[in-house]
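The figures here come from the full heavy-atom set of this structure, side chains too, leaving out hydrogens, waters and symmetry mates. Labels below follow one simple rule: chain letters A, B, ... track the order of the sequence lines, proteins then strands, and each chain is numbered from 1. Fair warning: this is a prediction, and the values are worked out from it, not measured in the lab.
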Amino acid sequence: MTILPSAFYRRPTLTVARELIGKVFIRRLDDRLLRGRIVEVEAYHQNDDAASHSFRGRSARNDVMFRAGGLLYVYFTYGMHFCMNVVTEDEGVGAAVLLRAVEPLDGIDMMRVHRGAGKKDRELANGPAKFCQAFGIDREANGFPLDGSVVGIADAADVPSSRILATSRVGIRRSTDLPWRFLEKESPWVSPGRPSAIL
DNA sequence: CAGTCGATGTACT
DNA sequence: GTACATCGACTGG
């Protein structure tokens, strides 16, 4: 398993988003290894995307989005949840890809401790805040490099484009016309969230 | 199954 | 004040 280099992330955001489907997110925690196969993501960009945190320019909250690709951007929302993104493109460009759902691979027992006993495997990480909770990601991880030391993404076989679906994004009110959500077709591990518009 | 709604902190107007 | 890249509990069918 090779950890994706920073050059992977320093490319157009939509390309990175599509190629992240099928890759394996890795998290080291307390001498344990948590792994999950990415099945759903969304792209966000400062340009032409009013739903992006970076749309109105750089600020204390979104600063990490404007740094060079290859970092984790974690934000707090709805008073109780965290969501994580991978930062893309070059320094000065505010763009990232939201990681929305993974298929749990390793450390499922630890994920269940984080999420609460009795949760079905499908409910461990089928949504951006659930994914963060299962993998023990919170504001402390904001800005962490995706180099595999604490977090990272391992390369894996490409998912053929025939098995990738693009839809509008979930849970947003602006820029609902952009088909910037990518998911693996017919995967049981994707979030139950409904797209913001029918494309 | 679908639809509704409250929780609860923070960034921004 | 208001909106928020959400979730889980609850309702009714």
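- Judged by atom type and distance alone, A:H53 does not reach the base of B:dA11 through any side-chain donor-acceptor pair under 3.5 Å.
- A close approach under 4.0 Å does not occur between any side-chain nitrogen or oxygen of A:R181 and OP1 or OP2 of C:dA5.
- Spacing of P atoms, B:dG6 relative to C:dT2, comes out at 16 Å, to the nearest Å.
- Of all nucleotides present, only C:dG12 satisfies the Watson-Crick or G-U wobble test against B:dC1, with each distance under 3.5 Å.
- Residue A:R174 is the one, among A:Q133 and A:R174, whose nearest nucleotide of DNA chain C lies closer to the 5' end (criterion: closest heavy atom).
- Distance from the side chain of A:A129 is smallest for C:dT6 among the nucleotides C:dT6, C:dA5, C:dG8.
- In this structure, CG of A:D138 is placed 13 Å from P of B:dT10, rounded to the nearest angstrom.
- Between A:F82 atom CZ and B:dT10 atom P the separation is 9 Å, expressed in whole Å.
- The interatomic distance linking A:Y78 (OH) with B:dA11 (P) rounds to 16 Å, in whole Å.
- Atoms OH (A:Y73) and P (C:dA5) sit 9 Å apart, rounded to a whole Å.
- Classified by interplanar angle (parallel below 30°, tilted 30° to 60°, perpendicular above 60°), the ring pair A:F76/A:F82 is tilted.
- Under the 4.0 Å criterion applied to side-chain N and carboxylate O atoms, A:E40 and A:R181 are assigned as salt-bridge partners.
- If you measure from atom CZ of A:F76 to atom P of B:dG9, you get 7 Å, rounded to the nearest angstrom.
- In this entry B:dT8 has no Watson-Crick or G-U wobble partner, no candidate having both defining distances under 3.5 Å.
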Applying salt bridge (Lys or Arg N to Asp or Glu O under 4.0 Å), run through A:D121 and A:R115 and close with a yes or a no.
CA-CA 10 Å; A:D121 285 0; A:R115 291 279 296 131; over 6 Å; no
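- Atom CZ of A:R139 and atom P of B:dG9 are 11 Å apart (whole Å).
- Regarding A:H81, its NE2 atom lies at a distance of 11 Å from the P atom of B:dT8, rounded to whole Å.
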